[in-house]
Amino acid sequence: MEKEIVISAHKLTKKFGDFIATNEITFKVYAGEIFGFLGANGAGKTTAMKMLCGLSIPSAGEATIAGFDVYRETEKIKQNIGYMSQKFSLYEDLTVVENIRFFGGIYGLSNKELKSKSEALIKTLGLEKEVDKLVGSLPLGWKQKLAFSVAILHEPKIVFLDEPTGGVDPVTRRQFWDLIYDASDRGITIFVTTHYMDEAEYCDRVSMMVDGYMKALDSPENLKKTHGAATMDEVFFDLARGAQRQGD
Amino acid sequence: MKQFKAFVRKEFYHVFRDPKTLLLLFGMPIAQIILFGFALTNEIKNSKIVIVDYAQDEASRRISEKIEASANFEVAQKLLSHREIEEAFKSGTIKMAVVFPNKFNYHLNHEGKAQIQIIADASDPNTATTLSNYANAIIKDCQKSLVPAGQKGLNINTEVRMIYNPELKGVYNFVPGVMALVLLLVGVLMTSVSIVREKEMGTMEVLLVSPFNPLLVIVSKAIPYFFLSLINLTIILILSSTLMEMPINGSLFLLYFASSILILTALALGLLISNSTDSQQAAMLISLMAMLMPTLLFTGFLFPLENMPMPLQIVANFLPSKWYYIIVKSVMIKGLGWASVWKEILILMGMTTFLVVLSVKKFKIRLA
């Protein structure tokens with residue numbers, strides 16, 4: 001049976017003047033997959049992701065998200081995706097429940113949906129006591145779990161996570177990934193960038209960006225096999241050895 | 001619509017939860033009004049003057065009493081020789097002397113004209129002019145009451161006429177100026193900072209990825225600040241009419257209408273500034289620099305535009321605050337209506353439309 005393709009990119013390129021941030025990347029992501037988008041800082045991950053989300057217009061190449069074209073159908077793409085930015089993406093001066101209502105509101109959820117969803121969300125995260133606290137007063141790990149839950153509140157087909165676990169401890173990271181698995185089980189496709197190589201092991205398939213090129217794309221097991229490596233770390237070093245760009 | 005409501009509600013949360021914003025929003029107009037109304041006034045109060053009354057008759061006494069009653073003067077001593085007057089000026093104890101010659105009343109009633117000598121310390125020319133104007137105004141006023149009904153030709157030797165502001169009140173100048181300043185400053189600052197804050201926090205990306213129309217982002221940001229600015233205006237009007245006795249002679253509706261246009265201008269300018277920077281500090285700095293200086297210099301409430309060289313007068317024409325200032329003065333003080341200020345209102349509207357269109361066009365819907 002043919003798997004449903006939700007993201008398809010063909011020779012997608014973004015140039016800033018002479019600088020080619022992403023250079024002709026071609027890949028496909030299937031429905032329900034956890035797709036890891038790996039690379040050192042400055043390798044072009046965030047640029048690629050912004051093009052896929054409709055935040056940035058590609059310089060060349062083609063891409064469709066949930067079947068919609070990134071040049072012409074950004075509005076339809078927006079209906080079908082969730083996004084969690086590298087920077088923390090909730091309002092710190094709003095309470096937990098106000099944030100949920102706001103983001104639910106701009107995605108056009110009805111009051112009834114909002115009510116049932118926010119209750120379920122708060123229960124899953126164990127935030128019952130914190131509902132009326134300002135988000136700014138929550139620990140970082142909780143904020144990020146909340147941000148993720150809010151990003152998938154409207155049940156998007158795909159959720160884009162840009163380095164979602166930056167700066168949190170390993171235990172919280174593990175919990176975060178539990179949420180990602182839950183979402184994936186519900187059929188949401190996960191597109192996640194990270195530079196933690198242990199997280200790469202959690203993905204169904206990973207791609208490696210080096211200097212704007214996509215150097216590898218396979219399951220973690222296959223990548224380790226072909227590179228004769230014991231861990232994803234070693235795979236990464238093997239691929240990134242020739243990298244010209246230094247991290248920013 | 002539902003999305004829109006959610007967004008506007010969120011903006012109000014931002015405003016009411018940030019003490020800095022609140023302070024800026026409501027503290028500034030109050031501080032400005034009080035500063036300009038009381039402290040930074042060009043009105044001169046309690047100036048030490050001396051009345052030298054050689055006549056000691058009915059007319060001179062009545063005029064003296066009026067002068068003494070004025071809050072502008074503090075009348076120090078009563079009978080001095082010319083030498084002594086000179087000494088008093090030298091030592092700086094007085095700023096002005098009003099001298100009634102002998103037989104003041106007699107000259108006035110029998111010859112139909114009399115003279116009062118006003119000597120002012122013109123080492124500070126502005127003060128001197130202002131003080132002598134005050135005195136002239138009072139004397140002129142007395143002259144009317146000294147004339148018995150039906151009799152003509154009495155002439156005390158002054159001819160100064162101050163229309164609209166016979167008491168030369170400073171607030172008449174300052175209140176409209178402060179209104180322009182506060183509305184512009186608050187509007188520009190609030191919008192630019194609140195949009196740039198979303199960029200800085202990373203929430204702008206999330207908003208732009210959402211199906212929420214980017215233009216609505218602007219509109220929903222503008223709405224709370226628009227209403228808060230109107231509240232601000234109301235505070236200024238109440239303060240200035242109760243504390244400063246500033247009259248509102250014209251139509252209140254016209255006043256709010258003109259102010260609404262200025263507020264829109266401010267919001268558009270704020271949006272424009274938010275496009276050119278990514279940090280709240282920079283946005284704040286640009287807003288202050290771009291608004292404060294030109295508004296202070298070229299609106300006409302601190303420095304009369306008529307006295308400026310031609311190129312600067314031309315520059316002033318491009319400032320919305322100049323036109324707003326003219327409208328507000330005409331409406332509040334002169335009590336003029338639409339018929340008299342429609343030209344200024346059209347100019348202001350033109351500027352606003354231009355800025356709104358420009359800033360909406362420039363608003364970056366995508367990030368790169």
Side-chain angles (χ1 to χ4, degrees), chain A residues 14-16 21 46-47 49-59 65 70 74-95 98-111 113-114 134-136 147 150-151 153-154 156 158-160 162, chain B residues 1-25 190 193-221 223-225 228 275 278-280 362-368:
Chain A
K14 179 78 184 184
K15 291 180 190 168
F16 296 102
T46 302
T47 310
M49 185 181 248
K50 283 189 173 160
M51 284 191 283
L52 297 177
C53 292
L55 282 177
S56 169
I57 309 168
S59 311
I65 312 297
V70 287
T74 44
E75 286 314 309
K76 283 182 184 147
I77 291 176
K78 285 174 178 182
Q79 301 280 357
N80 287 289
I81 61 170
Y83 176 71
M84 183 177 162
S85 80
Q86 202 167 3
K87 292 174 193 164
F88 175 64
S89 51
L90 297 177
Y91 292 98
E92 306 234 336
D93 56 344
L94 263 57
T95 66
E98 283 162 2
N99 264 297
I100 298 174
R101 279 206 202 119
F102 170 68
F103 283 105
I106 62 168
Y107 276 96
L109 297 187
S110 72
N111 283 335
E113 278 178 299
L114 255 180
L134 295 186
V135 164
V150 166
L153 194 68
H154 57 291
I158 311 152
V159 63
F160 290 89
D162 194 2
Chain B
M1 199 56 215
K2 204 180 133 37
Q3 296 168 300
F4 189 56
K5 253 164 69 187
F7 205 111
V8 172
R9 189 184 314 127
K10 177 206 95 159
E11 288 302 318
F12 274 110
Y13 285 141
H14 287 323
V15 174
F16 289 115
R17 289 206 180 135
D18 185 14
K20 270 187 292 178
T21 309
L22 275 183
L23 191 70
L24 195 70
L25 199 56
M190 293 286 137
V193 168
S194 90
I195 293 176
V196 170
R197 182 169 56 190
E198 301 250 12
K199 285 207 232 172
E200 214 176 74
M201 306 297 282
T203 44
M204 192 52 106
E205 286 178 26
V206 182
L207 292 180
L208 293 178
V209 169
S210 82
F212 197 61
N213 186 337
L215 282 183
L216 279 185
V217 173
I218 305 177
V219 177
S220 12
K221 281 210 168 285
I223 285 180
Y225 295 120
L228 291 169
N275 270 328
D278 283 330
S279 93
Q280 290 186 61
K362 281 209 126 191
F363 183 71
K364 291 179 192 119
I365 290 171
R366 301 192 188 214
L367 288 177

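Within every chain, numbering begins at 1; the chains are lettered A, B, ... in the order of the sequence lines, protein sequences first and strands thereafter.
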Charged N-O contact under 4.0 Å between A:Glu98 and B:Arg9: no

Nearest-0.5 Å distance that lies between atom CD in B:Glu205 and atom CE in A:Met84: 12.0 Å

From A:Tyr91 atom OH to B:Glu11 atom CD, the distance as rounded to the nearest 0.5 Å: 7.0 Å

Taking every non-hydrogen atom, the tightest pair across [X] and [Y]:
X        : Y        : result
B:Val209 : A:Lys78  : O-CG, 3.0 Å
A:Ser85  : B:Gly202 : OG-O, 3.7 Å
A:Leu55  : B:Leu208 : CD2-CB, 3.5 Å
B:Pro211 : A:Tyr107 : CD-CE2, 3.0 Å

Verdict with reasoning, A:Leu94 to B:His14, per side chain to side chain contact (heavy atoms under 4.5 Å, CB included): CA-CA 8 Å; A:Leu94 263 57; B:His14 287 323; 3.8 Å; yes

Part of B:Glu200 lying under 4.5 Å from any heavy atom of chain A: backbone

Relative to chain B, which segment of [X] carries a heavy atom at a distance below 4.5 Å: side chain, backbone, both, or neither?
X        : result
A:Leu109 : backbone
A:Asn111 : both
A:Leu52  : neither
A:Thr95  : both

Side chain proximity check, A:Phe103 to B:Val206, heavy atoms < 4.5 angstrom: yes

Max heavy-atom pair count under 4.5 Å with chain B, selected residue of A:His154, A:Arg101, A:Gln79: A:Gln79

From CA spacing to verdict: side chain to side chain contact (heavy atoms under 4.5 Å, CB included), A:Asp93, B:Asp18: CA-CA 8 Å; A:Asp93 56 344; B:Asp18 185 14; 5.5 Å; no

Verdict with supporting geometry, B:Arg17 and A:Leu134, side chain to side chain contact (heavy atoms under 4.5 Å, CB included): CA-CA 10 Å; B:Arg17 289 206 180 135; A:Leu134 295 186; 3.8 Å; yes

